[in-house]
Number of protein chains: 2
Amino acid sequence: MVRSGKREADDDEARFLESYDPSTFDRPSVAVDVVLLSAFEGALYTLLVQRHEHPHKGRWALPGTFVRLPESLDDAAARALRDKAGLSGVFLEQLFTFGAPRRDPRMRVIAVAYYARVDRRRFAAAAEHKPDVAACRLEVPWPDEEGGPVGARDAAGAPLALAFDHADILGLAVKRLRGKLDYAPIGFQLLGELFTLYDLQRVHETILDRKLNKDSFRRRIVDSGLVKPTGRSQRGVGHRPAELYRFAKK
Amino acid sequence: MVRSGKREADDDEARFLESYDPSTFDRPSVAVDVVLLSAFEGALYTLLVQRHEHPHKGRWALPGTFVRLPESLDDAAARALRDKAGLSGVFLEQLFTFGAPRRDPRMRVIAVAYYARVDRRRFAAAAEHKPDVAACRLEVPWPDEEGGPVGARDAAGAPLALAFDHADILGLAVKRLRGKLDYAPIGFQLLGELFTLYDLQRVHETILDRKLNKDSFRRRIVDSGLVKPTGRSQRGVGHRPAELYRFAKK
DNA sequence: GAAATAGTGTCTTTAAGACAGTATGTG
DNA sequence: CACATACTGTCTTAAAGACACTATTTC
């Protein structure tokens, strides 16, 4: 009978699992690292944490943590962001998994990188969460989606020493962000609730690091239906005030 | 002095690494799984291996292996493909990392999924590599890039029981393949050295699961410069023979 | 009213879809 | 010569870029 055959196989598997010893093989450690991105004042910013422990003591690292056994990767990334930056409720997307054997000098650590886009206000709040957490301006040395490592600078403009392969992780996050912008106007995730179309255009220009055509940008965004006008306007801007828009949830 | 300060910090870090005990924390196992894709006869195909061991004994799984400590993720994926399918020299791309806590009943296993596109001939050779390896037709139940799990069927058309979360991995591989096709005519990676433009169009139509406009498809592909005409033609086709093209390496 | 940016209307350019019509093999 | 598919040329449509022009606020 098919049914008892299936039952028998299940029992067999249950017995196997009972006696299975998971400690047979050497295993790597698994960590998550989070690239928290924002864009304002014509530059891209990320959140970095200065390391007070070895290895790479003194260098700047992405907020991260080791993955606990009963916890999903997404949960570990959310926990890292909560503990290191005091942020919760942020939409996190998996970016890439970095697994070069010697990327951490202690031992084999495989890092699952995540990235998230937040608006300027939440970003500033996160940067003030702890004294060793800082908002750092990114230096992207390549155009379009060429790719490559990306460095960070402190408030005074001095280059920061990054820990591990975090310059590569930052590079991939920027590349992914630029790529996404080509087919999804996601810029408003980096803006507050209300924004003008030109605010949005400046965010896109900052991310892509090139000027965009104003006319076709407006047409494209309005036609996409992803933003809706609110009827309200800017105030006190020294020129004709622009209409304020809002992200249109579907 | 800055220099000796740096030197001192290095020595400090060296001492730290000397005394570091990596066995302090419980660690997950890390595996790689490879989605080998091809497209022919109007359908997408992948390579699956029947499991002869617990867990999920008897079910069909993607070729995979545990990652060894001194080995990169890319190398582990290439090794899995070599050992399970006898293929080497295939271009592998990382797809996504699956890390749900209970995706493997034995223990916590985090799977870094890879995917690769191969032509029909290499695919057939791989499928005949071992008796428990089979070329399986994929059933994609969703249009465009909606996403979701994807099942497989055996040569007789009967649905196969897939191991672990491999239906989800297959689903993401198909979604990624479709997405890539929108901005890169990569279809020729699934064809042999010489092919007609209509061969290429059929591959694209198979992947996207919809008809394409012949005129604009030809224009787009020829204008892209990614293929070049060879001057040679098909023979014995019962109609005017089409010119054979070749992938133009840059 | 000057300055500055918001917003509108229209022309041009480019790419995609539609489709008619010609070309060239096999049987 | 019939048939099937390859290939070419042209018309239409839609989106993007360019640009002229009007609108509305602060100073």
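Residue numbering restarts at 1 for every chain, and letters A, B, ... go by the order of the sequence lines. All values derive from a computational prediction rather than experimental measurement.
- For the residue pair A/Asp74 and A/Tyr114, a side-chain donor N or O sits within less than 3.5 Å of a side-chain acceptor on the partner.
- The interatomic distance linking B/Arg218 (CZ) with D/dG9 (C1') rounds to 13 Å, in whole Å.
- Of all nucleotides in DNA chain C, those with any atom nearer than 4.0 Å to a heavy atom of chain A start and finish, going 5' to 3', at C/dA4 to C/dT10.
- Within 4.0 Å of B/Glu243, counting heavy atoms only, lie sugar-phosphate atoms of the nucleic acid but no base atom.
- At a threshold of 4.0 Å, the pair B/Glu139-B/Arg153 counts as salt-bridged, since one of the basic side-chain nitrogens sits closer than that to a carboxylate oxygen.
- Counting heavy-atom neighbours within 6.0 Å of B/Arg121 CZ, excluding the residue itself, gives a total of 12 or less.
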Encode nucleotides 17-27 of chain D as B, S and - characters from 5' to 3', where the letter depends on protein heavy atoms closer than 4.0 Å: B to the base, S only to sugar-phosphate, - to neither.
BBB---BBBS-
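- Contacts of B/Lys214 with the nucleic acid, taken as non-hydrogen atoms under 4.0 Å apart, include base atoms.
- A salt bridge is defined here as a Lys NZ or Arg NE, NH1 or NH2 lying under 4.0 Å from an Asp or Glu carboxylate O, and B/Asp199 with B/Arg202 meets this definition.
- Side-chain contact, B/Arg79 with B/Thr65: a donor N or O sits under 3.5 Å from an acceptor N or O.
- Of the charged side-chain nitrogens involved, none lies within less than 4.0 Å of a carboxylate oxygen, so that B/Glu205 and B/Lys214 do not count as a salt-bridged pair.
- Under the 30°/60° scheme for interplanar angles, the aromatic rings of A/Phe217 and A/His204 are found to stand perpendicular.
- Between A/His166 and A/Phe164, the two ring planes are tilted [angle within 30° to 60°].
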